[in-house]
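First comes the structure, then the notes that go with it.
Numbering of residues begins at 1 and proceeds along the displayed sequence. Please read all numbers here as calculations on a predicted model, not as lab measurements.
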Amino acid sequence: MFDQNEDDLFSAEVAASDESPLLALMETVVLVPMIPAYTAYTYRSFLRKIDPEDGYP
């Protein structure tokens with residue numbers, strides 16, 4: 001069905017390096033907690049910017 005020659009790539013040759021999953025894990029550990037932290041920061045910073053008694057214009 002498929003002719004294999006010396007130019008063919010096998011899954012071991014095209015797979016990501018061993019460091020790639022570790023790098024993805026480190027990015028996830030750092031970046032995922034930053035999302036709720038930034039959301040909480042912006043929520044708190046804008047919370048006092050409006051007066052609820054003014055209403056919605």
Side-chain angles (χ1 to χ4, degrees):
M1 182 176 195
F2 293 108
D3 294 330
Q4 291 187 359
N5 58 30
E6 61 208 36
D7 295 331
D8 287 342
L9 295 175
F10 296 101
S11 61
E13 296 171 346
V14 297
S17 67
D18 292 338
E19 292 85 14
S20 295
L22 180 61
L23 180 61
L25 176 65
M26 290 174 21
E27 292 171 350
T28 302
V29 166
V30 171
L31 293 178
V32 169
M34 288 178 70
I35 295 170
Y38 179 74
T39 303
Y41 168 74
T42 55
Y43 177 77
R44 289 187 58 184
S45 66
F46 285 107
L47 183 64
R48 296 179 195 96
K49 302 274 185 206
I50 60 169
D51 187 10
E53 303 207 356
D54 288 342
Y56 188 70

For the residue pair Ser17 and Pro21, what are the closest heavy atoms and their distance? O-CD, 3.5 Å
Between Thr39 and Thr42, which heavy-atom pair has the shortest distance, and what is it? O-OG1, 3.0 Å
Interatomic distance, Leu31 atom CG to Glu27 atom CD [nearest 0.5 angstrom]: 6.5 Å
Rounded to the nearest 0.5 Å, the OH atom of Tyr43 sits from the OH atom of Tyr38 at a distance of 16.0 Å
